[in-house]
Undergrad: 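Take a look at this one; I'll ask things after.
Because the structure is predicted, anything quoted here is derived from the model rather than measured. As the structure lists them, so they are numbered: ligands from 1, and atoms in each ligand from 1. Start at 1 with the first residue, then count along the sequence.
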Amino acid sequence: MPRTRFLGTGLAVPDRVVTNDDLSQMMDTTDEWIRTRTGIQERRWVREGETGVDLALAATRRALEMADLSASAIDAIVYATSTPDHFAPGNGVFLQRAMGVGTIPAIDIRTQCSGFVYGLSVADAWVRTGQYRRVLVVGAEVQSTGMLMTTEGRNVSVIFADGAGAAVVGPADREDRGILAFDLHSEGAHAEKLWVDSPGSMYHPRVSSEHIEAGRQYLDMDGKEVFRHAVVRMPESVRAVLGASGHTTADLKLLVAHQANLRIAEMMQRTLCLRDDQIYNNIMFYGNTTAATIPIALDECVRSGRIEEGDLIVLTAFGSGFLWGSAAVVW
Ligand code: UT7
């Protein structure tokens with residue numbers, strides 16, 4: 001069974017840049033607080049009318065271009081997002097329509113910050129079993145329309161942001177290349193520590209004016225608890241996936257981790273005893289784009305030469321669910 005390899009990557013972010021000073025006009029916060037507590041300097045938010053699927057399509061086009069493939073060469077779409085344009089259907093079908101391709105399968109993955117890693121594992125299984133040959137994996141989010149832009153919501157609204165990353169994967173032509181292993185987990189005991197309560201089908205009606213007045217439609221996070229678990233689970237998962245593929249951190253060229261908070265990345269780096277050149281951070285410029293952070297970072301690393309053919313890399317994520325996981329890849 002051939003392994004699955006990356007054929008192309010792409011990213012797209014809105015052109016609207018929102019600085020920390022911009023946020024301090026909307027809520028009681030400062031550039032200094034945001035930089036020291038999160039590492040974020042600026043982020044991108046969509047303008048009214050710009051959708052997650054628009055960003056996903058732009059990222060997809062760049063990934064196809066790198067792979068030297070046309071849209072019609074894609075056999076299936078895996079779309080990871082926690083912020084779909086609509087409650088139903090999922091964004092996968094809207095992307096299929098926007099791409100103008102035939103009636104290929106399209107599924108949405110609802111595993112939030114871990115969405116790209118989970119989506120990649122689905123694509124990997126499809127490729128290795130021969131069910132689909134070339135699979136598009138997207139991580140795309142529009143968080144800015146679901147955040148409370150006041151002092152009450154500041155622990156969330158200074159962090160989360162909008163963006164998209166895409167990857168085209170397919171069978172590797174060499175035995176020593178491609179995705180080596182996955183490590184995936186969930187722990188629903190912590191589901192309400194980072195969640196959006198409403199709309200939900202358990203409510204009659206799914207969303208009410210009382211919900212809206214209480215702000216239950218906004219992303220809500222117990223930041224300290226999420227932080228505490230993230231700094232343990234991601235290093236644990238990185239070690240597990242390296243172990244499963246017969247490697248150690250000494251063999252690692254680059255760790256491309258979910259961009260949640262620069263302090264989380266720094267603690268993870270220390271726990272894993274990684275050199276600065278073994279970890280990539282770009283949260284400074286994009287904030288936390290949930291399922292999009294990993295494919296955005298991956299694309300930057302590939303285009304800038306931080307990742308080259310034959311390099312061992314690990315992708316790792318942790319977030320809402322809690323859900324977390326990693327993938328080990330020889331590029
Ligand atoms: O995507 C994966 C999931 N997300 C994450 O992994 C995020 C994990 N959590 C975090 O990154 C951090 O917990 C935060 C950045 C959200 C918060 O940082 P913290 O160091 O845990 O701050 P805190 O919540 O303990 O708040 C410290 C103080 C509080 O004031 P008092 O009670 O000490 O007076 C907060 O009210 O900072 C205040 N605060 C702010 N001040 C200015 C909270 N948010 C802000 C803000 N600006 N934006």
Undergrad: So if I count the atoms of ligand 1 from 1 in the order they appear, which ones are less than 4.0 Å from some heavy atom of Thr38?
TA: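 That gives atoms 15 (C) of ligand 1.
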Undergrad: Considering only non-hydrogen protein atoms, determine which one is nearest to atom 43 (C) of ligand 1 and report residue, atom name and distance to 0.1 Å.
TA: Trp33 CZ2, 3.4 Å
Undergrad: May I ask you to decide if Asn91's main-chain N or O and Asp108's side chain share a donor-acceptor pair within less than 3.5 Å?
TA: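 Looks like yes, one N/O pair under 3.5 Å.
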Undergrad: Less than 6.0 Å separating the ring centroids of His258 and Phe318?
TA: no
Undergrad: With a 4.0 Å heavy-atom cut-off (strictly under), which part of Thr29 contacts ligand 1: side chain, backbone, both or neither?
TA: both
Undergrad: Check each atom of ligand 1 against the heavy atoms of Ala260 and keep those under 4.0 Å away; list them by number with element.
TA: 1 (O), 2 (C), 5 (C), 6 (O)
Undergrad: Which option wins on minimum heavy-atom distance to atom 9 (N) of ligand 1: Ala230, Ser320, Gly223?
TA: Gly223
Undergrad: May I ask you to list the atoms of ligand 1 that are less than 4.0 angstrom from any heavy atom of Val158?
TA: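 The list of qualifying atoms is 48 (N).
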Undergrad: To the nearest 0.1 Å, how far is atom 1 (O) of ligand 1 from its closest protein heavy atom, and which atom is that?
TA: Asn288 ND2, 2.6 Å
Undergrad: Drop me the distance from Thr81's OG1 to Tyr79's OH, to the nearest 0.5 angstrom.
TA: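 Rounded to the nearest 0.5 Å, the OG1-OH separation comes out at 5.5 Å.
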Undergrad: Is any heavy atom of the protein nearer than 4.0 Å to atom 48 (N) of ligand 1?
TA: yes
Undergrad: Can you check atom 29 (C) of ligand 1: any protein non-hydrogen atom closer than 4.0 Å?
TA: no
Undergrad: Is the positively charged end of Arg43 above the ring of Phe160, judged by distance under 6.0 angstrom from the centroid and angle within 45° of the axis?
TA: no
Undergrad: Under 4.0 Å from atom 34 (O) of ligand 1, is there at least one protein heavy atom?
TA: no
Undergrad: Which residue from Glu32, Arg37, Gln112 reaches closest to atom 20 (O) of ligand 1 through any of its heavy atoms?
TA: Arg37
Undergrad: Please name the pair of heavy atoms, one in Ser245 and one in Ala181, separated by the smallest distance, quoted to 0.1 Å.
TA: CB-CB, 4.2 Å
Undergrad: Ignoring hydrogens and angles, tell me if any N or O in the side chain of Arg154 forms a donor-acceptor pair with the backbone of Asp28 under 3.5 Å.
TA: yes
Undergrad: Atoms of ligand 1 less than 4.0 Å from Cys113 heavy atoms?
TA: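 Checking each atom against Cys113, I get 1 (O), 2 (C).
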Undergrad: Please check: side-chain N/O of Ser198 versus main-chain N/O of Val207, any donor-acceptor pairing under 3.5 Å?
TA: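 The answer is no, because no donor-acceptor pair under 3.5 Å joins these two groups.
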Undergrad: For atom 38 (C) of ligand 1, what is the nearest protein heavy atom, given as residue, atom name and distance?
TA: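 The closest one turns out to be Arg154 NH2, 3.5 Å.
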Undergrad: Taking the six-membered ring for Trp, are Phe322 and His185 ring centroids under 6.0 Å apart?
TA: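 No.
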Undergrad: Measure from atom 23 (P) of ligand 1 to every heavy atom in His229, Glu152, Met27, Lys224 and give the option owning the shortest one.
TA: Lys224
Undergrad: Would one find more than 12 heavy atoms of other residues, nucleotides or ligands at under 6.0 Å from atom CZ of Arg110?
TA: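 It does not: Arg110 CZ has 12 such atoms or fewer within range.
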Undergrad: Please work out which of Leu194, Thr290, Asn261, Leu23 has its closest non-hydrogen atom nearest to atom 12 (C) of ligand 1.
TA: Asn261
Undergrad: Counting heavy atoms only, which part of Ile264 comes closer than 4.0 Å to ligand 1: side chain, backbone, both or neither?
TA: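 Within the 4.0 Å criterion, Ile264 contacts ligand 1 through side-chain atoms alone.
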Undergrad: Give the intermediate values and the outcome of side-chain hydrogen bond (donor to acceptor under 3.5 Å, both in side chains) for residues Thr51 and Asp54.
TA: CA-CA 5 Å; Thr51 69; Asp54 292 339; 3.3 Å; yes
Undergrad: Below 4.0 angstrom from a heavy atom of His258, which ligand 1 atoms are there? Numbered from 1 as shown, please.
TA: 1 (O), 2 (C)
Undergrad: Please tell me whether Glu300 and Tyr286 have a donor and an acceptor in their side chains that are separated by less than 3.5 angstrom.
TA: yes
Undergrad: Determine whether the side chain, the backbone, both or neither of Ile159 has a heavy atom under 4.0 Å from any heavy atom of ligand 1.
TA: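 Only the side chain of Ile159 comes within reach of ligand 1.
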Undergrad: I'd like to check whether Thr30 has a polar contact with ligand 1, where a contact means an N/O of the residue lying under 3.5 Å from an N/O of the ligand.
TA: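 No.
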Undergrad: Would Asp183 and Ser237 satisfy side-chain hydrogen bond (donor to acceptor under 3.5 Å, both in side chains), going step by step from the backbone distance to the final call?
TA: CA-CA 6 Å; Asp183 175 67; Ser237 181; 2.6 Å; yes
Undergrad: Is atom 6 (O) of ligand 1 less than 4.0 angstrom from at least one protein heavy atom?
TA: yes
Undergrad: Indicate the ring-plane relationship of Phe6 and Trp331, choosing parallel, tilted or perpendicular according to the 30° and 60° boundaries.
TA: parallel
Undergrad: Can you name the atoms of ligand 1, numbered from 1 with element, that are less than 4.0 Å from a heavy atom of Phe318?
TA: 2 (C)
Undergrad: If the cut-off is 4.0 Å to any non-hydrogen atom of Val226, which atoms of ligand 1 fall inside it?
TA: 3 (C), 4 (N), 5 (C), 6 (O)
